[in-house]
Amino acid sequence: MNNYTLNPLATNNASVDTPPHHQKTVIKLTDIEKVYQTKTIETVALHNINIAIRKGEFVSIMGPSGCGKSTLLNIMGLLDEPSSGTIEIDGASVKSYSDKVLARLRNEKIGFVFQSYHLINDLSVVDNVELPLLYRQLSGSDRRKRALAALEKVGLSARTKHFPNQLSGGQRQRVAIARALAGQPEIILADEPTGNLDSVMGNEIMDILLRLNEEEQTTIVMVTHDELMAKKTERLIRLFDGSQVS
Amino acid sequence: MLQNYLKIAWKVLLRRKFFTFISLFGISFTLMILMVATAMIDHVTGPATPEKRLDRMLFVNFIKMTGKSGNMNTFPSYYYMNHYVKRLKTPEKISVTTTFRGVNSYVNNKRLSLDLKFTDANFWEVLDFNFLEGQPFNQQDQKNANRVAVITDHARDQYFGPNVSAVGKYMVADGIRYRVTGVVEDVSYSRFNSYANIWVPLSTAPYNKDDTGLTGSYMAIILADSKADIPKIKEEYQSIVKQVKLPNPKEFDKFYSHTESILEGTIVRQLLGDGENSGMGKFIAIISVVVFLFMLMPTINLVNINVSRIMERSSEIGVRKAFGASSNTLIGQFLVENIFLTLIGGLLGFLLSALVLEIIADSGLIPYAQLGLNIRVFGIGLGLSLIFGFISGVYPAYKMSKLQAVQALKGGQV
């Protein structure tokens, strides 16, 4: 993997950085600002962010704690709204989209992997993986087939009927990846997917993500603290105090 | 999807057993009270043997006179029935009876208290008694004032012995000897218009033929050809009522009488009505407010419990939103879960109601009452459960849908 670094000047003139060898832009953020406001304090979480993520890229986002990495990922994933700026998915601005359309877009285009897994403990592994498919017009047997296929990809076919609390951290994260894969999204957004795992398990998870990117050309954006993990990705975006620094 | 929702709902119920107990207790206890009350009302006013065709029936049970001497609300006389009520042309049949009265019989020197009612022969055609043996007395018996009687199985068992055939045998009540023509199943005491232990021909009732007074102890049961005739009969009856001549206008100058259903005429009008209005509107309003207030407390309790349960499930809400659930889908999910919970509560309430009604029936509080949860009461209970589930789920579901996915994933405040 090449470590492609952005031109730091790009953040100042609001131009969008573009990687060299990919074609279609799947996510484009232009002039994104995110400000949290209380009665007395205004906190700038993101300032003047301009990023384009191209189809098939594996991009990592790094930066110190509290610099806005997760906020940026949430905005990319349409889980949070920016205070200003434009988000485009597949070339179309999502500004005017209703809650229902945004939900459909998330369901069809994006898969999420969270640091703390966010599995539903009351559901079995396979039921957890089926979750994104519940919001599609699919029969129960189709859902089950796809969920089992996703679990096979992450090597958890033997644990389909277990419950999350019967699994190790690495296994839980693999279930979370299977859940993100089940809907066959174009983009996977992973928020510190190896953050709660030891290095062996962390490497296992990273290998799965790399394989997905290479074999299935899934676009992956990953927030990480780990330089070693970030080096394995194609491109690194660095944030500092809410601004893009590289 | 529904299966997934129900799985989650079931797991959530098992997760916090104390909360679940409080929720289910609140729902089932409230529904039990409402269902027992509904069953009691249904028992008194709903169609049941022998008053099966209540949708085609009207009753004349009371007359009311007002004037300088105050108010008089009483049963009408035989004269009134014969001269005014029987003038009605629209009904298919009219039956005139007396109110029941206590009579004494003696079996082996032991006194047996029974309730006796004088009825005409139409009584057996208007009502649908279950005859265990024999048959009713007929028009000829009525015409000839034959001393014949139909008795209940309770009266038969007491007088002749358990399950001994009584037809053709004689029975003495208040010193008068009657030949038994038929035995019917017991009728509940609450069925005021049909209840008795012995029914004998109206023509054998002691009354003064020259008495033209309006007050007495008679009642009429009117059977319409069809449900559609009911308003016509009411109208025709009111035009007859206008022609009633008051015997002493100086004392009472206004006269009221109505032909109505049991609920409206026998219960509501007596409690809330005046001469003209039955008070049915007031009654419905009072019942609605009482039911609403009664359901309000457990609903608020359930809303609070549901809101705190949402807090526990914020991660799940966030994940569902992240993976494509819209706010409306989540509202739907939460309502389904809540309705599932209340239906379980409804089922428990239903079982509790059956138990309580069984206890009331066995206690003899209402003689010969066959209290039970029939399909109608079950339907009402089910409806109440659904309303309950819907109302107590809407607010928490709305709160939940307003939760931002990011906030929810962080375990945010609802």
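Order of the sequence lines sets the chain letters (A, B, ...), proteins ahead of strands, with each chain counted from 1.
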Problem set entry | Contact class of Arg320(B) relative to chain A, heavy atoms under 4.5 angstrom | both

For this session: Assess whether atom OH of Tyr398(B) is packed by more than 12 heavy atoms of other residues, nucleotides or ligands within 6.0 Å.
Result: no

For this session: Calculate, to the nearest 0.5 Å, the distance between atoms CD1 and OG belonging to Ile120(A) and Ser315(B) respectively.
Result: 7.5 Å

For this session: Show the numbers, then the answer: is there a side-chain contact (heavy atoms from CB on, under 4.5 Å) between Leu79(A) and Leu409(B)?
Result: CA-CA 10 Å; Leu79(A) 295 178; Leu409(B) 287 166; 4.1 Å; yes

For this session: Taking atom CZ of Phe163(A) as the centre, report whether more than 12 heavy atoms of other residues, nucleotides or ligands fall under 6.0 Å from it.
Result: yes

For this session: Look at atom OH of Tyr36(A) and say whether more than 12 heavy atoms of other residues, nucleotides or ligands are closer to it than 6.0 Å.
Result: yes

Exercise. Can you name the closest pair of heavy atoms from Lys321(B) and Arg106(A) and give their distance?
Worked result: O-NE, 2.8 Å

Exercise. So with a 6.0 Å cut-off around CD of Glu152(A), is the heavy-atom count from everything else above 12?
Worked result: no

Exercise. Would you find a donor on one side and an acceptor on the other, under 3.5 Å apart, between the side chain of Asp80(A) and the backbone of Val406(B)?
Worked result: no

Exercise. Can you tell which of His118(A), Lys100(A), Arg104(A) has the highest number of heavy-atom pairs within less than 4.5 Å of chain B?
Worked result: His118(A)

Problem set entry | Heavy-atom pair with the smallest gap, counting every atom of Phe323(B) and Gly111(A) | CE2-CA, 4.2 Å

Exercise. Looking only at heavy atoms, what is the nearest atom pair of Ser327(B) and Asp99(A), with distance?
Worked result: N-OD2, 2.8 Å

For this session: Decide if atom OH of Tyr97(A) counts as having more than 12 heavy atoms of other residues, nucleotides or ligands within a radius under 6.0 Å.
Result: yes

Exercise. Would you find more than 12 non-hydrogen atoms of other residues, nucleotides or ligands less than 6.0 Å from Glu33(A) atom CD?
Worked result: yes

